[in-house]
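In the text below, chain A, chain B and the rest are named by the order of the sequence lines, each starting its count at 1. Only heavy atoms go into these numbers, but all of them, side chains included; no hydrogens, no water, no symmetry mates. Keep in mind the model is a prediction, meaning the values are calculated, not measured.
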Amino acid sequence: MLEQQFGMTVDTRTCVGCAACVIACKTENRLAEGYVRNWITTQTRGRFPELVMTIRSERCNHCRSAACVRACPTGASHYAAGGTVQVTGSKCTGCKACMAACPYDARYVDEQSGTVDKCTFCNHRTSRGMATTACQEVCPTRSIVFGDLNDPDSEISHLLAQRDWYTLKPDAGTRPSHYFLK
Amino acid sequence: MEATSTRANPLVDPGLTIWNQDVAIYLFLGGIVAGVMILSGAMRLWYKQEEPSLALRLLPWGNLALISIGMFCLFLDLENRFNSWRFYLVFKAYSPMSWGAWVLLLVYPVSAHMAWAETPAHWRETVLRKVPLLRPWGEWSVRARRNFAALSIVSGSVLGIYTGILLGAMPSRPFWNSSLLGPLFLVSGVSTGAAFMLLFRLNQGERRFLGFLDFLLILAELGIIALWIIGMAAGGEASLQALKLIFGGPYTAAFWSLVIALGLVTPAIAEFIEYKHRAIPGRGAALLVLGGGFALRWIMVYAGQHSGWASEASAGLF
Amino acid sequence: MERREFLKIGGAGAAGSVLLGGLGTDWFGSYGDEIKDPGSDGEKIVPSFCELCFWKCGILAHVRNGRVTKITGNPKHPLSRGRLCPRGAGGTGLLYDPDRLQQPLVRVGKRGQQKFEAVSWDTALDEVAEGFEKIRRQHGPEHLALFYHGFGANWMKHLFKAYGSPNISAPSYAQCRGPRDVGFDLTFGSGVGSPENTDMANTRCLVLIGNHLGENMHNTQVQDFSEAIRNRADLIVVDPRFSVAASKARYWLPIRPGSDLALLLAWAHVLVHEGGYDRETVNQHGYGFDAFREHLKSHTPEWAYPRTGIKPAVIRETAALMAGAAPRAIVHPGRHVTWYGDDTQRSRMIALVNALLGSWGRRGGFLVPSQVELADYPMPEIRKNGLQPADRPAASQYPLADTVLAQGLCNATIPGYHDYDLKGWMVYGSNLPTTLPDPRKTYEAIRKLDFLVTIDVLPAEICGWSDVVLPECTYLERCDDLHNPYYKEPYVAVRQKVVEPLHQTKPGWWIARELADRLGLEQFFPWKDSEEYAMERAHGAGLDCETLRRDGVATGVSPPTCVEDGLRPEFWTDSGKIEFYSNRLQQAGFDPMPVYTDHGDPPAGYFRLLFGRTPTHTFGRTTNNRLLSETFKGNEVWLNAETARLRGLKHGEQVYLQNQDGVRSSFSAPLKVTERIRPDAVFLVHGYGRKARELRFAFGRGIDSAELVTQAKVDPIMGGTGMNVNFVAILRAEDVEEVA
């Protein structure tokens with residue numbers, strides 16, 4: 001049995017970019033006004049009327065070779081059980097080296113605590129045995145799937161085996177656990 | 001390519017603005033301190049032409065002041081200052097920020113020893129008479145002054161290189177992501193350190209030495225900058241995008257005028273003329289070097305945050 | 001493991017211990033990692049249904065320390081299936097909106113001066129009752145009109161019926177969905193309803209005409225839409241704009257605005273004259289097909305090409321795609337369809353193409369839904385008053401309108417429109433100035449009123465023009481009537497109170513009953529409260545109230561919804577068949593089969609104004625919701641990139657819009673220079689540019705499309721107001737502000 005390695009897929013074919021994931025994340029994690037942990041990116045290529053558009057729900061990629069963890073001087077940013085990248089707020093000085101290091105700009109400074117924060121892959125849910133993150137749970141198009149990449153029978157493993165996919169900025173060398181299905 | 005994002009986090013969007021003038025000032029002062037540590041250590045060990053001037057002997061005290069100001073700036077930059085002590089519960093070898101935190105701890109005692117050991121003997125004696133408790137340490141440090149001079153060169157070099165690596169070790173920011181940033185910031189630090197020293201009342205020999213040394217350092221710095229630019233130009237899409245920040249982008253004018261023309265080329269010419277004509281280097285060129293050194297760090301800090309990985313270039317999305 | 005293990009020199013403690021005098025590694029738990037639980041899970045979870053839009057998805061509201069922390073989808077509810085759209089998830093943004101109406105207000109200055117005094121509920125209700133009473137005494141109860149939107153309006157509608165006014169109207173008919181249901185009803189004998197009876201999840205081919213699913217976020221529809229994409233259904237999107245749906249499509253037809261009917265006729269032509277239509281369905285259920293065939297003869301793809309800009313080959317390919325998928329093919333009827341004034345005919349043509357595909361009553365086509373029957377709460381019968389509604393100047397006008405027209409009631413307030421004039425309005429949850437076309441006319445009508453009372457949650461523009469403003473509590477703070485729509489899986493849902501009403505707000509049922517008491521109509525409100533009312537109705541229908549309360553929903557058993565399940569299709573038209581030729585239309589003086597009319601092109605220097613939605617907003621109802629605005633902060637003016645380049649307009653620069661009547665937008669918005677729209681049109685997300693200062697977040701944000709809709713082409717068949725007939729010019733903000 002391999003250790004768990006949590007990951008996420010977003011199906012860009014079905015994602016309509018409605019941002020239900022963003023709002024659900026905000027209420028689930030009780031984020032302050034003006035801050036988000038996930039977001040919608042759209043990219044349109046071509047000239048009218050020959051156009052191609054990709055829509056993605058994005059968040060922290062929970063990289064397996066995380067630049068943020070390397071940059072952190074205090075060990076606040078760390079790998080947690082399930083291979084996710086987490087921040088221990090009580091260790092964070094707010095030096096922001098991790099934010100400079102993250103190629104995805106997935107992190108922010110929480111205005112109240114002054115500590116850096118980001119998507120936790122809903123660690124507080126999954127560590128209680130829940131199968132879904134808040135963004136996955138709400139997603140009306142069922143585009144978001146969270147699961148164990150090391151479990152060959154998980155839905156996410158099947159999706160990655162059957163579908164063509166990509167990760168963001170792969171040449172940044174971060175080895176994301178967050179995949180986008182083509 | 002049209003791209004939109006719904007994210008609008010403070011300090012992050014539309015471009016990163018996490019580090020501001022506090023960090024630029026810190027890097028600038030850190031560079032000067034590194035330079036003064038190296039130069040004062042080196043001059044203690046190897047500069048034997050004449051008796052050191054009073055200014056040169058007192059400069060390490062200035063170092064302590066500068067590093068304190070620098071650290072205060074860094075402290076100001078922290079978003080969660082109550083946790084600053086967390087830097088000193090762990091050493092993270094991959095984290096330049098951690099290196100920096102610990103190096104600063106090394107810089108303080110070394111600079112303090114240097115400063116004490118270089119202080120004229122009668123002043124030291126006055127102090128030791130008033131605080132006899134310090135006597136064993138006070139006398140030991142003077143005996144070990146050559147060791148401290150060597151240590152000063154080493155820790156100054158680490159500090160100087162670290163200020164560059166802090167930025168250079170960020171693969172996420174192609175504008176910074178070069179191992180040349182370490183030597184660049186070191187050389188620039190020593191150059192600004194020399195310039196800083198030249199602001200004080202050194203004797204003629206010291207001035208000539210530092211003036212010519214600064215000329216050489218500027219040449220080296222221009223060389224490293226050239227290599228750094230070549231490195232980016234020879235890089236991938238992300239690097240090319242980053243290079244545009246100083247080639248047509250928003251930082252072009254500032255970089256080429258403040259850093260290259262005014263901060264490096266002009267003082268280099270002045271220092272070379274001074275050297276050629278055996279003139280005593282004045283303060284004008286030094287001020288330009290200091291201005292250029294600050295501009296370099298300022299632009300580095302701000303422009304680097306604007307550079308990133310062009311998603312479409314690297315993801316092969318379509 | 002690929003994960004890098006980090007070198008901790010001296011186990012972190014060594015360095016620390018030297019400097020901090022033996023401070024060990026685990027002191028203060030400094031090396032324990034902790035990831036905090038945000039604590040949003042409810043101590044109490046209350047099932048209810050949403051009111052951020054009008055789809056009515058089932059929700060679970062989490063309550064902790066008396067606050068609603070989050071809202072999730074109710075897995076048992078057929079419309080949400082455990083999932084929500086962003087608006088549903090952002091309901092707390094409405095509940096805790098700092099700009100909410102907090103107490104009853106009574107006007108003190110002149111009407112429209114927006115000066116109010118906060119009063120007690122008793123004072124406010126007395127004032128309203130007095131206003132109503134005065135109108136009843138002086139003119140008769142018909143002179144009072146109710147405009148409404150939203151589920152909570154049921155109580156007000158009941159109050160108005162009891163009071164004796166037939167003038168009850170929702171703008172969701174003539175300003176939105178009406179033409180579609182009339183068009184389908186004329187063809188199949190049944191409208192498409194809400195939720196629409198399309199079976200998108202099982203379709204093989206889906207055609208969307210101007211319907212921007214994905215940006216228009218009716219939860220279940222979008223769920224089914226994504227299911228269609230997952231099942232690799234062929235998607236054909238007809239839209240002047242490269243919508244989100246278009247980006248998912250196999251074919252995007254960037255049609256010339258206003259020419260959809262030509263495309264539909266050409267599709268029908270191809271299906272009928274070049275083969276591919278469902279002969280069996282037509283032979284078995286069709287009425288007047290021969291005439292229809294003849295009518296289509298001239299409407300070739302080549303005829304349509306110059307009108308629509310869609311190449312004949314593409315028209316043929318897409319028609320073949322539909323025919324290949326039939327009967328599992330849907331040409332979607334759309335939802336907001338009041339565009340050009342011939343919308344009933346266009347909708348009817350959509351119905352007819354579906355008829356040719358044989359998709360009515362078929363899996364993957366249109367299902368025949370059913371409803372859970374509920375018992376009425378026992379109460380005295382309301383006797384109908386004699387007078388007809390005032391919304392139409394004469395009975396012959398808009399003969400096929402099957403409900404009271406909202407803009408008609410507005411018109412009837414201005415003397416001379418109808419036999420009698422309206423003297424008072426109650427407006428429930430409907431911001432008329434941004435809803436009805438030509439707000440100038442709406443304000444003119446308001447000035448003529450003797451009395452205007454609004455019931456709302458937020459201080460919308462209409463509140464500022466009212467005599468009395470009654471602050472209703474939100475859907476999370478009240479119990480309402482039961483909801484039992486026609487749906488493929490029939491169900492009954494209950495809206496339950498999640499938290500006590502904030503501020504001094506009150507639920508609509510209470511307001512209605514208090515007014516009834518004051519108007520001597522208490523016999524029509526014999527129940528204790530809405531909860532008792534709802535439970536009595538459920539109980540009367542044989543439902544278990546406890547289960548209903550616990551689950552928030554009770555599902556019924558559905559009869560067959562499609563032929564595949566054993567449905568025998570019935571058509572409630574005059575002929576009992578699918579009417580390709582409509583005698584009803586012919587007798588009423590209209591074209592019995594849809595005829596294309598051209599809606600012209602914008603004059604030089606102008607663009608056709610198109611408007612629509614963004615997923616996070618239900619037009620102006622939600623634009624003040626700060627939580628929902630996290631992802632969409634204000635609207636932009638979409639302009640074709642090439643057009644912008646030719647005119648020297650830059651992406652992101654602030655612009656005003658000015659329409660053909662010289663009406664200029666009150667505020668500016670940034671220009672979105674994009675390839676995603678035709679050169680002859682601009683697009684705005686509607687609901688922005690709010691003018692009510694009390695909406696502190698939404699005020700002045702972006703451009704209000706509604707204020708630029710000063711022209712509307714009224715559908716002669718049913719009175720729908722076609723609003724895509726306005727043209728705008730783009731003015732740079734710097735030029736405008738310089739002049740000012």
Side-chain angles (χ1 to χ4, degrees), chain A residues 12 17 19 22 34-46 52-54 56 58 67-76 89-111 113-116 166-174 180 182, chain B residues 1-13 15-16 18-19 23 74 77-102 166-167 169-174 176 236-238 304-305 308-318:
Chain A
T12 60
V22 179
Y35 293 85
V36 295
R37 287 185 184 175
N38 53 359
W39 55 92
I40 304 296
T41 299
T42 68
Q43 290 174 319
T44 312
R45 195 192 61 184
V52 182
M53 181 161 77
T54 295
R56 288 190 299 269
E58 297 180 10
C68 54
V69 174
R70 276 201 294 283
C72 179
T74 65
S90 59
K91 285 189 197 175
C92 178
T93 64
C95 77
K96 296 166 286 188
C98 56
M99 295 174 69
C102 174
Y104 310 101
D105 292 338
R107 299 173 157 241
Y108 63 89
V109 181
D110 178 63
E111 62 181 359
S113 65
T115 59
V116 170
Y166 60 88
T167 56
L168 294 180
K169 307 178 184 180
D171 29 0
T174 50
F180 297 90
K182 285 191 190 179
Chain B
M1 171 73 71
E2 288 173 42
T4 65
S5 169
T6 62
R7 191 184 61 201
N9 283 338
L11 301 183
V12 179
D13 299 295
L16 213 59
I18 50 171
W19 286 338
V23 172
L74 193 61
D77 181 68
L78 296 181
E79 303 286 343
N80 191 21
R81 294 173 198 132
F82 295 116
N83 267 1
S84 314
W85 53 280
R86 287 280 182 182
F87 282 113
Y88 300 109
L89 286 188
V90 65
F91 173 66
K92 290 281 184 185
Y94 285 94
S95 165
M97 194 66 96
S98 185
W99 277 91
W102 287 104
L166 177 65
L167 304 181
M170 300 284 179
S172 51
R173 312 289 156 200
W176 290 341
E237 176 65 23
Q305 294 182 72
W309 285 80
S311 236
E312 64 274 19
S314 61
L317 299 187
F318 294 110

Any side-chain heavy-atom pair of Arg56(A) and Gln43(A) under 4.5 Å: yes
Test item: Lys96(A) and Val109(A) side chains (from C-beta on) under 4.5 Å apart, heavy atoms: yes
Ring geometry between Trp99(B) and Phe91(B) (parallel below 30°, tilted from 30 to 60°, perpendicular above 60°): perpendicular
Parallel, tilted or perpendicular, as decided by the 30° and 60° cut-offs, for the rings of Tyr108(A) and Tyr35(A): tilted
Heavy-atom contact with chain B under 4.5 Å, split by part of Arg107(A): backbone
Ile18(B), part contacting chain A, at a heavy-atom distance under 4.5 Å: both
Ala101(B), part contacting chain A, at a heavy-atom distance under 4.5 Å: neither
Member of Val116(A), Asp110(A), Thr74(A) meeting the side-chain contact (heavy atoms from CB on, under 4.5 Å) criterion with Cys92(A): Val116(A)
Side chain, backbone, both or neither of Ser113(A) within contact of chain B (heavy atoms, under 4.5 Å): backbone
Partner chain A: residue of Pro96(B), Ser84(B), Pro10(B) with the largest heavy-atom pair count (under 4.5 Å): Pro10(B)
Close side-chain approach of Thr41(A) and Thr4(B), heavy atoms under 4.5 Å: no
Side chain / backbone / both / neither for Cys95(A) at chain B, heavy atoms under 4.5 Å: both
Among the listed options Ala67(A), Gly34(A), Ala71(A), Ala100(A), the residue most often paired with chain B at heavy-atom distances under 4.5 Å: Ala100(A)
Residue Tyr104(A) versus chain B: region with a heavy atom under 4.5 Å: backbone
